[in-house]
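Nothing here was measured: the structure is a model prediction, and the numbers come from that model. Order of the sequence lines fixes the chain letters, A, B, ..., with proteins taken first and strands second; residue numbering starts at 1 for each chain.
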Protein chains: 2
Amino acid sequence: MLTERQSLILQVIVDEFIQTAQPIGSRNIAKQEHISYSPATIRNEMADLEEAGFLSKTHSSSGRIPSEKGYRFYVDHLMSPSQLSKQEIKTIKEHFNDRMIELEKVMRNSANILSELTKYTTFVLGPEAYETKLKQIQIVPINQQSAIAILVTDSGHVEHRSFALPGHIEQGDVEKIVNILNEKLTGVPLIYLERVIQSEVVDLLQQYTTSYEQSYELLQDALFGKQASNIYVSGKSNILMQPEFNDINKARSLFNMMESEDQIAPILKMNQDGLHISIGQENNMEAMSQCTLITATYSFGEKQVGTIALLGPTRMEYSKAVSLLDLWSKQMSHSFQNWYKD
Amino acid sequence: MLTERQSLILQVIVDEFIQTAQPIGSRNIAKQEHISYSPATIRNEMADLEEAGFLSKTHSSSGRIPSEKGYRFYVDHLMSPSQLSKQEIKTIKEHFNDRMIELEKVMRNSANILSELTKYTTFVLGPEAYETKLKQIQIVPINQQSAIAILVTDSGHVEHRSFALPGHIEQGDVEKIVNILNEKLTGVPLIYLERVIQSEVVDLLQQYTTSYEQSYELLQDALFGKQASNIYVSGKSNILMQPEFNDINKARSLFNMMESEDQIAPILKMNQDGLHISIGQENNMEAMSQCTLITATYSFGEKQVGTIALLGPTRMEYSKAVSLLDLWSKQMSHSFQNWYKD
DNA sequence: GTTAGCACTCAACAGTACCGAGTGCTAATG
DNA sequence: CATTAGCACTCGGTACTGTTGAGTGCTAAC
């Protein structure tokens, strides 16, 4: 599709533009060591590349900047993986050297570290609860009318939910319910909870508690109230540092998008297997039309279920971002294995 | 200090400037209905006000804008409380009509609602644990080497912390510890926890557990690990909507400040009793030199301990902000009373 | 004490000229 | 025939100029 020389020139332009955010002229390209053509030759090639849609100009006599198609080609064919600095590698490895106990902390820290290292905004979508199993249930009455249900999973996740106690439920019944639940539900994967409750717990409740209706109601409220979100975001304001968002209005619309979980969640939940780069309009979102989103799934046990994503300008340091995500997800999977050995 | 007429003019200028963010000229002031002086008179008064430091100009022939001293005088002497709209009152009251169970949720929602209503950034510093008492302690082992400690307080607050299990502690000991803790510590105010443990629990541990050293270590890790922060922030990006932050660099430095809890916390924790307005440089922080921070303490039981704050430009809708905070804190105290009745 | 009138100031805007970086095209070159 | 030197051209950026209009400060009259 592209000649050797065109690829080379495209690569130089993208690499250079990523660094400087300035249109690249033919003279500057010719100056590079590994380029042995005159500016005129390069200009001819650049004209061809522009005609083919890989480059564009900001005005008729400006240098060239990569188009989205140009970035796409760069990402698919030209990009060379960057060597991470020792510092970067160290930071990530240290993060995973700490004993991982609570999954949430790992997620939150991951988001912080990656946004720190990349200077882009980082999203981490925690693993869905497919495989995690219930470890323990606790119900703590707070006063006459309300109580808190606490669920602990074998991934160290603690979820708690407050709910109103049904009128006139008896204290003894609450205890019985908790006992029944722990007996029947410990070790059950969270997604089967409801099913197991229907098949095994309901009968017992009817049998052993004096206020069955209320107990069942309690259970519903306590276990199936709306689940807390498991998206961690870090470095939102990094995006302000990028010169493409010197225009405050672009920054505003992007912030609006980032603040609304409804808009973020579906993008992350697409769960495209492995590493996926989505450039500019490929994102199908107005606010992100100048941004690139790199998503990577990570595996947790057997099924892959979590997603981590970096959001930056289309002029993103692709190779560094990819290398970092790569190292991160390898470490992550590795740590999970150790974790599950226990 | 200021004549009646000067006060009137200052008030009009501040009110007007808060709405428009544009310097106010003498002609525009004279046009207002309740002003019966000619522009020339007003100009003279404005010159005096400027000399006294209440006003300033953006350039030698511009209209006047309030100085920080001007805002200060306005806030202290001229501001009339604004009538909140029915919608605003309704929103706040509905928020408090919902059964309050978890304090955290109340805090988080409060931050969201106030930032929504004011379009400023809202900080809520949750109440310190002075009065809250321990309701229950639970320790859930996750695997051989780690466990999660869960504390529930009578304010519905759930705190959990993961910690490494000391090597070779016996499962039976963990249960014994939990039993001892619950027996001795239930109802103890959190701030006395450590003291009570020293005086009443340590001995028992020595007596009843076979691995005392480890048990004590466990206890330390579980209960006195670093506490989660209790600052809730909402509407950070609202600040971008203010024209004074069209300059992206100002926005950047403010964002940097807001993202660092180390910088926010001390300001909120000053806990100045009641409502306190701190304008521009009064904040003693470079990044906030163009901002006003309104803080209000709210009472929780006997001692006042929580703080809520609004951060906006110095050109803030003071009267609306104050009225909203006022209504909010009244509702908050009122709800707490009901809460404690139980 | 108040106000009309006027000279003055300055930001904002439009117009002009110029510079320099960069292009596209053409014709010369190896 | 691919490559390159040369040159005319384009256009953003900057500096300078003049104009307009909103607004002030001052003075003199009411």
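- The side chain of B/Ser60 places no N or O atom within less than 4.0 Å of a non-bridging phosphate oxygen (OP1 or OP2) of C/dT9.
- Residue A/Arg64 places none of its side-chain N or O atoms closer than 4.0 Å to OP1 or OP2 of C/dA21.
- We find that CD1 of A/Ile9 is positioned 12 Å from C1' of D/dT3, with the value rounded to whole Å.
- The closest side-chain heavy-atom distance from A/Pro23 to A/His59 is not below 4.5 Å.
- A/Asn28 has a side-chain polar atom (N or O) that falls below the 4.0 Å cut-off from OP1 or OP2 of C/dG22.
- In this entry the distance linking CG of B/Asp48 with P of D/dG25 reads 10 Å, nearest Å.
- Between A/Gly63 and B/Tyr37, the residue anchored nearer the 5' end of DNA chain C, judged by the nucleotide with its closest heavy atom, is B/Tyr37.
- Defined by atom type and a distance below 3.5 Å, a donor-acceptor pair is missing between the side-chain atoms of B/Thr121 and B/Asn238.
- With rounding to whole Å, B/Arg27 atom CZ is found 13 Å from C/dA4 atom C1'.
- For A/Glu50, the side-chain atoms get nearest to C/dG24 when compared with the rest of D/dG25, C/dT3, C/dG24.
- Atom CD of A/Gln22 and atom P of D/dC11 are 19 Å apart (whole Å).
- The shortest distance between the side-chain N/O atoms of A/Arg5 and the OP1/OP2 oxygens of D/dT3 is below 4.0 Å.
- When only modelled atom types and interatomic distance are considered, B/Ser234 and B/Asn112 share a side-chain donor-acceptor pair under 3.5 Å.
- Atom pair A/Asn44:CG and C/dT26:C1' shows a separation of 11 Å (rounding to whole Å applied).
- The distance from atom CD of B/Glu51 to atom C1' of D/dC26 is 15 Å, rounded to the nearest whole Å.
- Side-chain contact between B/Leu114 and B/Leu325 is present, with at least one heavy-atom pair separated by less than 4.5 Å.
- Of the side-chain N and O atoms in A/Lys57, none sit less than 4.0 angstrom from OP1 or OP2 of D/dG12.
- Base contact: B/Thr41 has a heavy atom under 4.0 Å from a base atom.
- One interatomic measurement links the two molecules: CD1 of A/Ile42 to P of C/dG24, which rounds to 13 Å at whole-angstrom precision.
- Close to D/dT24, at under 4.0 Å from its OP1 or OP2, lies a side-chain N or O of B/Ser26.
- With rounding to whole Å, A/Ile35 atom CD1 is found 16 Å from D/dT4 atom C1'.
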Side chains of residues 14-21 of chain B: which donor-acceptor pairs under 3.5 Å do they make with residues two or more places apart or in other chains?
unit_1  : atom_1 : unit_2  : atom_2 : d
B/Asp15 : OD1    : B/Tyr74 : OH     : 2.6
B/Glu16 : OE1    : B/Gln32 : NE2    : 3.1
B/Thr20 : OG1    : B/Glu16 : O      : 3.1
B/Thr20 : OG1    : B/Gln22 : N      : 3.1

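- Sparse packing is recorded around CZ of A/Arg27, with 12 or fewer heavy atoms of other residues, nucleotides or ligands lying under 6.0 Å away.
- Each of B/Glu45 and A/Met46 was matched to the nucleotide of DNA chain C holding its nearest heavy atom; the match closer to the 5' end belongs to B/Glu45.
- You'll find a donor-acceptor pair under 3.5 Å spanning the side chain of A/Arg43 and the base of C/dG24, going by distance alone.
- One N or O donor and one acceptor, one from the side chain of A/Ser61 and one from the base of D/dT10, sit under 3.5 Å apart.
- Where B/Ala47 and B/His59 each meet DNA chain D at their nearest nucleotide, the meeting point lying more 5' is that of B/His59.
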